[in-house]
Amino acid sequence: MKRLNPMIGALLGAACLFFAGCRTSQENEDNKKPSPTIVLSENESEFAEAADRYAAKVLSAIRDNDYELFHSLVPDAYKKEQTPEKFAEMRGRLIGTKGKIAGFKYVDSLEMPPRQIRLWKVSTEVEVAPSKGEAHMLRRDLLFRFFVASENGKLAVYAFGF
């Protein structure tokens with residue numbers, strides 16, 4: 001359990017760095033700086049599907065060690081901060097503590113208007129060698145949270161993490 005807390009903290013910290021949930025100030029809007037969010041849909045009926053496609057791409061990029069895909073999903077405001085080294089470090093911590101991502105699926109959402117947290121079950125596998133007998137695969141499930149909200153009349157992603 002002691003290894004879980006640093007991993008969660010590191011992943012949530014990385015997610016906060018990449019997808020901060022702050023709103024743009026009037027000054028930022030006037031300067032036309034990039035938004036810290038990704039707009040997924042302007043139509044609420046299409047939003048859940050778009051959000052789930054986006055989350056699946058993020059998880060696939062982490063699973064497949066695809067920095068280019070992951071980087072393309074990062075909001076413009078954070079692209080400079082998201083380096084291949086930071087991605088490798090985040091992914092290494094996940095694999096080092098929980099194993100490789102074996103699969104993922106959407107579970108449910110928590111409605112907290114104007115926000116929503118979409119929950120994904122992420123299954124990991126790691127080979128374990130017991131003191132006696134043969135090695136076997138240990139499967140663990142993690143909860144991946146994908147935070148979305150209405151921003152300026154559009155539905156957008158503002159954070160995600162384990």
Side-chain angles (χ1 to χ4, degrees), residues 3-25 27-43 46-107 109-110 114-126 140-162:
R3 295 181 76 194
L4 177 65
N5 292 334
M7 191 267 311
I8 289 174
L11 289 174
L12 287 176
C16 287
L17 285 174
F18 304 139
F19 297 97
C22 58
R23 295 210 176 257
T24 20
S25 66
E27 180 181 293
N28 284 350
E29 290 175 7
D30 292 341
N31 293 332
K32 297 189 179 182
K33 290 183 181 177
S35 171
T37 59
I38 299 278
V39 175
L40 294 178
S41 177
E42 295 183 26
N43 182 339
E46 299 170 358
F47 179 66
E49 190 175 307
D52 292 342
R53 280 193 308 266
Y54 188 88
K57 286 180 184 179
V58 169
L59 289 167
S60 293
I62 295 169
R63 178 195 62 204
D64 300 338
N65 196 22
D66 188 343
Y67 169 75
E68 294 300 322
L69 175 59
F70 187 81
H71 192 258
S72 73
L73 299 169
V74 174
D76 291 341
Y78 302 104
K79 285 199 185 284
K80 289 181 184 176
E81 297 171 19
Q82 176 53 42
T83 64
E85 293 80 16
K86 285 186 179 180
F87 175 75
E89 181 182 338
M90 177 213 38
R91 187 173 180 275
R93 284 187 182 148
L94 174 65
I95 292 171
T97 58
K98 297 295 176 192
K100 293 183 179 183
I101 294 176
F104 48 84
K105 69 178 183 174
Y106 171 75
V107 178
S109 65
L110 302 175
R115 294 176 180 86
Q116 184 183 92
I117 302 174
R118 299 189 67 76
L119 304 171
W120 286 67
K121 174 182 159 183
V122 177
S123 299
T124 62
E125 290 182 340
V126 63
R140 296 180 179 148
D141 293 328
L142 305 172
L143 189 61
F144 179 79
R145 292 173 294 273
F146 190 64
F147 300 87
V148 294
S150 177
E151 181 179 284
N152 301 325
K154 298 176 182 175
L155 296 164
V157 174
Y158 69 94
F160 62 78
F162 288 93

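These values consider heavy atoms only, across backbone and side chains, with no hydrogens, waters or symmetry-generated copies.
You'll find the side chain of Leu143 stays beyond 4.5 Å of the side chain of Val122, heavy atoms only. Side-chain atoms of Phe146 and Asp52, non-hydrogen and from C-beta on, never get closer than 4.5 Å to each other. Taking the side chain as every heavy atom from C-beta outward, Phe87 and Gln82 approach each other to under 4.5 Å.
Across Glu81 and Lys86, no two heavy atoms sit closer than the pair O-CD, 3.2 Å. Smallest separation of non-hydrogen atoms from Val126 and Gly99: CB-CA, 3.9 Å. Of all non-hydrogen atoms in Val58 and Phe144, the two that sit nearest each other are CG1-CZ, 4.2 Å.
For Phe147 and Phe160, the distance between ring centers is not under 6.0 angstrom.
If you take CG on Asp64 and NZ on Lys100, they are separated by 11.0 Å, rounding to the nearest 0.5 Å. Taking CD1 of Ile95 as the start and CD1 of Ile62 as the end, the distance is 9.5 Å to the nearest 0.5 Å. In this structure, the separation between OG on Ser109 and CD1 on Ile117 is 9.5 Å, given to the nearest 0.5 Å. Interatomic distance, Leu59 CG to Ile101 CD1, rounded to the nearest 0.5 Å: 5.5 Å.
In this structure, the side chain of Ser60 does not engage the main chain of Lys57 through any donor-acceptor pair within 3.5 Å. A distance-only check finds a donor-acceptor pair linking the side chain of Arg91 to the backbone of Arg63 [under 3.5 Å]. The main-chain N or O of Lys98 is found under 3.5 Å from a side-chain atom of Thr124 such that the two form a donor-acceptor pair. At distances below 3.5 Å, at least one donor-acceptor pair connects side-chain atoms of Arg145 with backbone N or O atoms of Phe162.
Relative orientation of the Tyr106 and Trp120 rings is perpendicular, given thresholds of 30° and 60° on the angle between their planes.
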Item to check | Full working for side chain to side chain contact (heavy atoms under 4.5 Å, CB included) between Met90 and Phe70 | outcome: CA-CA 12 Å; Met90 177 213 38; Phe70 187 81; 4.2 Å; yes
